[in-house]
> 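After the structure tokens below, expect a handful of questions from me.
Sequence lines set the chain letters: A, B, ... in the order given, protein chains first and strands last, and positions in each chain run from 1.
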Number of protein chains: 2
Amino acid sequence: MTDSPPAGDGPLGIGLLCFIVQRTMEDRVLADLAAAGFDDLTMAQSRVMARIGPQGTRVTDLAEQARVTKQTVVTTIHQLAGAGYVRRIPDPSDARARLVVFDQRGLAALEIARKTEAAVHEEWTRHLGRRETERLHELLTKLREITDPYR
Amino acid sequence: MTDSPPAGDGPLGIGLLCFIVQRTMEDRVLADLAAAGFDDLTMAQSRVMARIGPQGTRVTDLAEQARVTKQTVVTTIHQLAGAGYVRRIPDPSDARARLVVFDQRGLAALEIARKTEAAVHEEWTRHLGRRETERLHELLTKLREITDPYR
DNA sequence: CATTATCGTTCGAGAATCGAACGAGTGTCA
DNA sequence: TGACACTCGTTCGATTCTCGAACGATAATG
């Protein structure tokens with residue numbers, strides 16, 4: 001029973017509520033990406049790609065952030081690279097490592113994703129109110145301090 | 001790029017933050033279940049089982065709540081039934097449907113899951129404060145109004 | 001320099017998920 | 001009542017996702 005079991009008829013737990021919110025954002029972004037022509041992106045690929053930083057990110061770090069193993073990331077990055085979304089460059093600071101960076105197609109997709117995310121955030125802000133949305137963001141950020149093992 | 005892309009170095013989006021929180025709860029519950037002897041439960045199985053209500057839940061409803069297809073739920077329920085966690089009874093109100101209900105082993109697992117969830121919530125409350133945790137819960141519940149298509 | 005740890009990778013297998021289609025039962029409405 | 005469209009759970013087949021184990025190359029430690 002991963003997450004809060006709603007087997008009781010009481011209110012949903014925070015974990016389950018977070019699932020709903022997170023999944024909604026995922027679906028929205030993925031839908032908009034598909035509509036914009038990036039219809040070859042899967043959810044698994046998207047989840048990994050979303051963790052790539054502007055200066056590039058190591059496979060190991062991507063795995064930690066996305067909560068999957070390195071093997072999974074390697075596979076996913078291979079797919080993304082083949083589709084022109086990312087490419088790998090040597091890490092200047094470590095000859096063992098390689099940095100996964102956005103390629104042209106990836107940057108274009110990133111732009112769409114950013115816009116969608118902003119739009120969804122706006123929707124949420126309209127529903128909750130600006131002040132309350134900020135509060136929610138603050139609380140989640142504070143909660144991250146003890147829930148994100150890789151901070 | 002499912003979820004908020006942190007490619008910018010700014011703060012994480014609400015979607016991504018929710019992922020971290022939700023995943024943490026999932027991991028904790030699953031770990032405690034495994035430690036309590038329910039080590040045959042996978043995350044996918046747990047996610048579906050967590051949606052079973054006290055009076056039983058239809059396959060279609062489980063699919064909607066867990067955000068997977070009916071086929072996936074059928075497969076998962078088949079596994080869970082084989083392991084003694086759930087069983088299927090006819091739905092009195094609809095001869096087409098069947099209700100998935102907890103079996104003995106499922107109830108035992110549910111108890112563990114409930115305890116763990118409560119313990120994690122307590123941890124979070126200690127970190128955020130009682131008042132703030134309630135606020136977080138309220139905000140997420142309110143956000144659910146527009147993010148849960150199957151409410 | 002020797003040893004230990006980390007990085008990315010390959011291989012192989014298992015798990016998870018979906019699309020399409022179907023029989024059984026329900027709801028609707030002329 | 002009867003015809004038609006819809007829903008429910010299910011099966012089959014295929015694809016995707018994910019992991020465990022292991023390895024060479026490089027880094028860090030002493």
> Can you tell me how far C1' of C:dA15 sits from CD1 of B:I77, to the nearest Å?
16 Å

> Cluster question for you: counting only ILVMFWY and a side-chain heavy-atom cut-off of under 4.5 Å, with indirect links fine, are A:L41 and A:V74 together?
yes

> Let me know, please, whether B:T69 or A:V59 comes out on the 5' side of the other along DNA chain C by nearest nucleotide.
A:V59

> So what does A:D91 hit on the nucleic acid, given a heavy-atom distance under 4.0 Å: a base, only sugar-phosphate, or nothing?
nothing

> Would you say that B:T147 contacts A:W124 through its side chain, given a criterion of any heavy-atom pair below 4.5 Å between the two side chains?
yes

> Map B:D61 and A:A95 onto DNA chain D by nearest heavy atom, then report which one ends up closer to the 5' terminus.
B:D61

> To the nearest Å, how far apart are B:Q71 CD and C:dC22 P?
14 Å

> Does atom NE2 of B:H78 have more than 12 heavy-atom neighbours from other groups under 6.0 Å away?
no

> Using a strict threshold of under 4.0 Å (side-chain N to carboxylate O), is an ion pair present between A:E111 and A:R114?
no

> Would you kindly check if the NZ (Lys) or CZ (Arg) of A:R51 is within the cone defined by 45 degrees around the ring axis of B:F19 and under 6.0 Å from the six-membered ring centre?
yes

> A:L30 has an atom CG; how far is it from atom P of C:dC18, in whole Å?
12 Å

> Any base atoms under 4.0 Å from A:T60, or only sugar-phosphate, or nothing? Heavy atoms, all strands.
sugar-phosphate

> Roughly how many Å is it from CZ in A:R23 to C1' in C:dT17, rounded to a whole number?
11 Å

> To the nearest angstrom, how far is A:D94 atom CG from C:dG8 atom P?
8 Å

> To the nearest Å, how far apart are B:L62 CG and C:dT17 P?
13 Å

> Find the distance B:D40:CG to C:dG14:P and express it as a whole number of Å.
18 Å

> How many Å lie between CZ on B:R58 and C1' on C:dT26, as a whole number?
10 Å

> Taking only Lys NZ, Arg NE, NH1 and NH2, and the carboxylate oxygens of Asp or Glu, determine whether B:E132 and B:R135 approach each other closer than 4.0 Å.
no

> Are the side chain of B:D103 and the backbone N or O of B:R105 linked by a donor-acceptor pair below 3.5 Å?
no

> Does any N or O in the side chain of A:T76 come within less than 3.5 Å of the main-chain N or O of A:T72, such that one atom is a donor and the other an acceptor?
yes

> Going by an N to O cut-off under 4.0 Å, is there a salt bridge joining B:E123 and B:R28?
yes

> Take the C1' atoms of the five end pairs on each side of the helix from C:dC1-D:dG30 to C:dA30-D:dT1, get both axes, and report the angle to 10 degrees.
50°

> How would you label the contact of A:V74 with the nucleic acid (heavy atoms, under 4.0 Å): base, sugar-phosphate, or nothing?
base

> Can you tell me if B:T72 touches the phosphate of C:dC18, counting only side-chain N or O atoms and a distance under 4.0 Å to OP1 or OP2?
yes

> Between which nucleotides of DNA chain D, 5' to 3', does chain B make heavy-atom contacts below 4.0 Å?
D:dT7 to D:dT11

> Report the residue from B:L136, B:L128, B:L17 that forms a side chain to side chain contact (heavy atoms under 4.5 Å, CB included) with A:K142.
B:L128

> Starting from the 5' end of DNA chain D, give me the residue, B:R96 or A:R67, whose nearest nucleotide shows up first.
B:R96

